[in-house]
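Below: one structure, written as structure tokens.
Keep in mind it's a predicted model, so treat the numbers as computed, not measured. We use all heavy atoms of the structure for the numbers below, so side chains are in, but hydrogens, waters and symmetry mates are not.
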Amino acid sequence: MTEELSKQYNPQTTETKWYRTWEAENLFSAQVRPDRLAYSIVIPPPNITGILHMGHALNNTIQDILIRYKTLRGFSALWMPGTDHAGIATQNVVEKALAKEGIKRQDLGREKFVARAWEWKQLYGSTIINQLKKLGCACDWERLRFTMDPDYSAAVIEVFVRLYEKKLIYQGNYIINWCPRCQTALSDEEASHLELQGNLYYLKYPFKDNPQEFICVATTRPETMLGDTAVAVNPKDKRYKKYIGKFLILPLINRPIKIIADHLIDMQFGSGAVKVTPAHDPNDYALGKKHGLEFIQVMHPDGSMNELAGKYSGLDRFKARAAILDDLAAAGLLEKVTPHTLSAGHCYRCHTLVEPYLSQQWFVKMKPLAKPAIAAVKKGKIKFHPARWTKVYLNWVENIQDWCISRQIWWGHRMPVYYCKNCQKHDPQSGVIVSRIKPLQCPKCGLEDLVQEQDVLDTWFSSWLWPFAIFYWPKENAELKYFYPTSTLVTGPDIIFFWVARMIMAGFEFTQQAPFKDVYLHGTIRDSQGKKMSKSLGNAIDPLEIISEYGTDALRFSLVSITTQGQDVYLSKDRFEQGRNFANKIWNASRFILTNLKTENLNIDSSADTKNTKNEKLDIVNRWILSRFYTTLEKVTQELEGYKFNEAANRLYAFFWHEFCDWYLELIKPQIDQKNTQVVMYKILEKYLKLIHPFMPFISEEIWQRLPGAQGSIMRQSWPQLQKQWISKQDEAQMELVFNLINAIRNMRSELEIDPASRSDIQLTVSDQALRLALMPLAGYIKHLARIDNLIFLENYIVQKNQYVTVLKDLHIAMPLEGIVDTAALLAKIDLKTAKILSEIKNKENMLSNKNFTNRAPAEIIQGEKDKLVLMREQLKKLEVIKNGLR
RNA sequence: GGGCUCAUAGCUCAGUUGGUUAGAGCGUUGCGUUGACAUCGCAAAGGUCAGUGGUUCAAGUCCACUUGGGCCCACCA
């Protein structure tokens, strides 16, 4: 070793060094290689406004594990990176920045505003990309895409035009979710329903021909009453039957409205009479259409009341509500107010209460697109992991509603729709032109008076093309052919509807294929209270802070080790200590191995473990660790293939710490210069580094580079081959017994409070001859780790005074007592053990005397139970003997 | 209203198709020694597996219900 290794692992210097090297050496780049199988993942593109949070950290760590693992397994593994323009989110951020300068977006105008947004994107849009690099992500950065790249935008336009031509896109006047703050339409998915503590207001509407009499209606949104155009009752309702067809006077506005009948009205709810506001409520809209009612809109897009709201015009909707209630109360028309919980949509970007609003928007007809997306999942062409999400997905796709895709913002893909002003004079519909490129003149009238649609497309209308548009679809090309369909999608269940389902639909519609085979859905990261971790709640643990405090590998390992498949993650900061300590453990074990390695011992090529026939040349300790290593390799491989990342991580942790370090390295210390031991020790470390590399890329590379046999980056190595011939249950069982023996002796010493520095003598009685002969060669190990001077093997136990004896299966471990010993305390302990064994024996006896059990249980289970009983009885007998010895 | 999910050691959680005496990390207690590691080692304490009932030779594991968390979907105004 030319360089001293420090006592502690220092992640900071290591991480930046290796990430730079990997980038410089182009190790993230995946090529189209016909000689290899392709494995590909497209990143869920983070918003350009995004800042790395724990959700990203988990999501991208999992993807990185898959990519690094598949690369080691010999796939041409591509991780496609990119960012999302995030229409509303980005527009809001840019507007906020402008507000600091005292500018509104309207002051700038569309063009200048969009220019400012691009500027913002250039400045801050890759923040998250740099943060992903700190996480160690092995993305092919040269292929970085953005949802508003020119090619990508062309794909979006292409898709719009194709759907329009198939009549799957239409324009119409409907009630949509409107965010009065963002001043744009939202899709149903973008309006997240939150429970609100509100009131049910009972309003009295007087009859037109008899103003002394009233019908009472119940509403949660009294301000919309200004737009009422009817009152509806159930035709079967005896209370109101006689009034159907009569007129009421809408208070405050004094407009006559008709009483209509519809069996959709629930007689039980409220007063049984419903005010109908077709322009401000989706149900009322349907009623309005059905009964030919007038649609009166009383609100501006910003949520304030408009000129049709009479004296309330100009008031914000909530102020208008208060004023209207006051006025109704003053007029004696507010019958009562009862508390009422309701759930109402809130803008998923700014959390403002969404207003159902009648407006002209563009929609995608989803039912035809859903068909193949349903079939593919049902047939298992696409699999969800964990499978329970399949049901959630299917439930949504099978009940899919049309998708409102137009947004009244400026940042995004402007719709490829043009209006001919001339044609629209005669008929609004005939003036609509949908075209891939801006037409110079109207194809119908030939005039050049064309304007482009102001609206942009929903951000998700570009994201749903991600898996193929990222590969320059619709252009035919080698990448698309080779890497698409992609292999695995890794994301959170919160965007199954927004994104996953729509990608599946787009995949089938535009490429006739499923865009991916597996969908792995990880849990949501929550704080220790179970709340979703988010910046706005102030409960977030910043991954970058964890990286600088504990290291990236520690962050990654800790996160993954607590992510049970699909289960939410409750996180507190101290979890990351485990990862940091583990990295340090790997570091120090490697340091120990490397400083004790005699390179001349290593004929790397003729490594002992690859030859099946040389078994007997290795002693059991080396055979044992090889057996354990290959068992670990086999299981970890299975677990990674099955997306059980936490199980793989915890297995790797337990193997390295408790088997390799705690037992193996301690056992071999006295024989560390022995050639076979050197080879095995080195080989295990070398292979282990590859297994841990997907989880902890930095430390594994750092140590890898210090191995005498290392050539090139660990990223370019291959996953170890499983050598089943090394897996030996017999060797494992024998070592297990040695460990139990050592533990028992340590335990005795601890119980007897023997000075740790001193050494003891042990008489070990093993009646089974074969076992005795097997254990005798291992005496050296036992003496070494249990701190024993003289270890004497006996065939038959002889009761002796002044001995402390423990029973382990059918072994007797006897230790001479020296000095003053609290015999009473030892006896008490033995009594406790005796009592425990007695009750267990009783249980077993009951079990075995039960004919139902002996008749029905499998033979090997019964035999196992019998063996146990025999062993227990032996133990009991021995405990009795020991007791007598102590007295 | 429908659906999903969770309840196991003081805390955070594992526990594969039912089959040893139910595990880990952290925390706690005691002791610190062996040719890497105090971000460490050794030992110990700590559990009626939320409750009730059922299926079974056998239930933490399967079923039903109950209680208490969390989440999603749905147009009762």
Side-chain angles (χ1 to χ4, degrees), chain A residues 5 7-9 175 192-193 200 217-221 224 232 264-266 268-271 273-277 281-286 340 342-343 356 388-389 391-392 395-396 399 493-494 496-497 524 526 528 530-532 550 554 558 561-562 564 566-572 574-575 577-578 580-596 639 642 644 646-647 650 653-654 658 661-662 665-666 669-670 672 743 746-747 749-751 753 755-758 784-785 787 836-837 840 843 847 850-858 860-862 864-865 867-868 872:
Chain A
L5 277 79
K7 239 175 145 173
Q8 279 181 9
Y9 173 58
I175 298 258
S192 45
H193 284 246
L200 199 52
V217 295
T219 180
T220 55
R221 290 155 66 217
T224 63
L264 288 175
I265 308 302
D266 180 355
Q268 309 302 318
F269 190 87
S271 62
V274 186
K275 62 190 268 312
V276 182
T277 324
D281 183 276
N283 292 317
D284 294 5
Y285 174 85
H340 182 70
L342 66 154
S343 83
R388 65 186 148 90
W389 295 109
K391 217 170 141 184
V392 176
N395 184 51
W396 186 78
N399 297 293
D494 48 328
I496 290 178
F497 308 145
T524 308
R526 302 176 182 281
S528 45
K531 291 210 179 77
K532 189 171 171 172
Y550 298 91
S558 294
S561 71
I562 54 176
T564 311
Q567 227 41 62
D568 285 357
V569 179
Y570 290 67
L571 199 63
S572 66
D574 52 9
R575 279 315 294 240
E577 285 176 15
Q578 193 192 356
R580 177 200 59 185
N581 295 354
F582 185 39
N584 198 54
K585 190 73 180 177
I586 296 175
W587 180 252
N588 275 296
S590 307
R591 191 160 72 96
F592 171 72
I593 292 169
L594 291 175
T595 48
N596 282 290
E639 284 155 353
K644 306 208 163 148
N646 69 319
E647 289 175 32
N650 291 327
Y653 178 93
H658 299 307
C661 291
D662 288 351
L665 289 184
E666 293 304 330
K669 272 178 183 171
I672 197 157
N743 282 337
R746 282 170 172 173
N747 193 339
R749 287 169 57 94
S750 173
E751 278 175 355
E753 290 176 339
D755 175 11
S758 79
H784 171 224
L785 288 191
R787 298 195 58 76
K836 207 177 161 195
I837 279 238
E840 278 159 12
N843 281 343
M847 193 179 192
N850 183 343
K851 287 223 163 116
N852 283 327
F853 173 70
T854 46
N855 289 343
R856 300 192 197 194
E860 69 261 29
I861 298 280
I862 296 171
E865 296 298 329
D867 293 350
K868 271 177 238 157
M872 282 173 185

Under-4.0 Å side-chain N/O to phosphate OP1/OP2 contact, A:Asn283 with B:C76: no

Euclidean distance for C1', B:G53 against B:C11 (whole angstrom): 32 Å

B:U20 to B:A7 separation - C1' atoms, rounded to the nearest Å: 26 Å

Side-chain donor/acceptor contact of A:Glu666 with base of B:A36 under 3.5 Å: yes

Touch class at under 4.0 angstrom, heavy-atom based, for A:Phe582 against every strand present: nothing

Pair of N/O donor and acceptor under 3.5 Å linking B:U33 base with A:Arg787 side chain: yes

Distance below 4.0 Å between A:His658 side-chain N/O and B:G25 OP1 or OP2: yes

A:Tyr653 OH - B:G25 P separation (whole Å): 6 Å

Separation between the P atoms of B:U5 and B:C65, rounded to whole Å: 14 Å

Short side-chain N/O contact from A:Asn747 to OP1 or OP2 of B:A44, under 4.0 Å: yes

Trace of the side chain to side chain contact (heavy atoms under 4.5 Å, CB included) decision for A:Asn399 with A:Asn395: CA-CA 6 Å; A:Asn399 297 293; A:Asn395 184 51; 3.3 Å; yes

Main-chain N/O of A:Arg746 paired to A:Ser750 side chain as donor or acceptor, under 3.5 Å: no

Any A:Asn646 side-chain N or O less than 4.0 Å from OP1/OP2 of B:C13: no

Rounded distance (Å) that lies between atom C1' of B:G41 and atom CG of A:Asn743: 13 Å

Given B:A77, B:G25, B:C37, the nucleotide with the shortest approach to the side chain of A:Gln578: B:G25

Among B:A43, B:A36, B:C40, the one nearest A:Asn581 by side-chain distance: B:C40

Sugar-phosphate only, base, or nothing, as touched by A:Arg388 at under 4.0 Å among non-hydrogen atoms: sugar-phosphate

Whole-angstrom distance between B:U61 and B:C6, as gauged at atom P: 13 Å

Atom-to-atom span, CD1 of A:Ile496 to C1' of B:U5 - whole angstrom: 13 Å

Flag, side chain of A:Asn747 to backbone of A:Asn743, donor-acceptor distance under 3.5 Å: no

A:Asp284 CG to A:Thr224 OG1 distance, which is reported to the nearest 0.5 Å: 7.5 Å

Check against side chain to side chain contact (heavy atoms under 4.5 Å, CB included), A:Tyr550 and A:Arg575: CA-CA 11 Å; A:Tyr550 298 91; A:Arg575 279 315 294 240; over 6 Å; no

Distance, C1' atom - from B:G41 to B:A50, rounded to whole angstrom: 38 Å

First encountered from the 5' end of RNA chain B, between A:Gln8 and A:Ala218: A:Gln8

Euclidean distance, atom CH2 of residue A:Trp587 to atom P of B:C40 [Å, nearest integer]: 17 Å

Between B:U39 (P) and A:Ile586 (CD1): distance, integer Å: 17 Å

Inter-residue atom distance A:Lys275.NZ - A:Asp281.CG, 0.5 Å rounding: 8.0 Å

Shortest non-hydrogen contact from A:His784 toward A:Glu666: CE1-O, 2.9 Å

Distance between P atoms of B:G23 and B:A64 (Å, rounded): 29 Å

Sugar-phosphate only, base, or nothing, as touched by A:His193 at under 4.0 Å among non-hydrogen atoms: nothing

Neighbour count >12 (heavy atoms, 6.0 Å) for atom NZ, A:Lys585: yes

Touch class at under 4.0 angstrom, heavy-atom based, for A:Val392 against every strand present: nothing

Length of the line joining A:Asp281:CG and B:C75:P, which is rounded to integer Å: 11 Å

A:Trp587 and A:Tyr9 aromatic ring geometry - parallel, tilted or perpendicular at 30°/60° bounds: tilted

Atom-pair distance (CH2 on A:Trp389; P on B:G3), nearest Å: 16 Å

Short side-chain N/O contact to B:C4 OP1/OP2 from A:Lys391, under 4.0 Å: yes

Sugar-phosphate only, base, or nothing, as touched by A:Arg575 at under 4.0 Å among non-hydrogen atoms: base

Residue mapping more 5' on RNA chain B - nearest nucleotide basis, A:Trp396 or A:Ala273: A:Trp396

Gap in Å between the two P atoms, one belonging to B:U17 and one to B:G30, rounded: 42 Å

A:Ile672: which of A:Asn596, A:Ile593, A:Leu665 passes side chain to side chain contact (heavy atoms under 4.5 Å, CB included): A:Asn596

Sugar-phosphate only, base, or nothing, as touched by A:Asn650 at under 4.0 Å among non-hydrogen atoms: nothing

Between B:U28 (P) and A:Asp574 (CG): distance, integer Å: 12 Å

Closest to side chain of A:Lys585, choosing from B:A77, B:A43, B:A36: B:A36

Rounded distance in Å between the C1' positions of B:C73 and B:G60: 31 Å

Nearest-nucleotide pick for A:Asn584, side chain only, options being B:A77, B:G35, B:C37: B:C37

Sugar-phosphate, base or nothing in reach of A:Ile265, heavy atoms under 4.0 Å: base

Below 4.0 Å: OP1/OP2 of B:C37 and any side-chain N or O of A:Lys669: no

Under 4.0 angstrom between A:His340 side-chain N/O and B:A77 OP1 or OP2: yes

Polar pair under 3.5 Å, donor/acceptor by atom type, side chain A:Lys7, base B:C37: no

Where RNA chain B forms stems, i.e. three or more consecutive Watson-Crick or G-U pairs with both distances under 3.5 Å: B:1-7 with B:67-73, B:10-13 with B:23-26, B:28-32 with B:40-44, B:50-54 with B:62-66

Candidate pair A:Arg221 and A:Thr277, rule side chain to side chain contact (heavy atoms under 4.5 Å, CB included), full reasoning: CA-CA 10 Å; A:Arg221 290 155 66 217; A:Thr277 324; over 6 Å; no

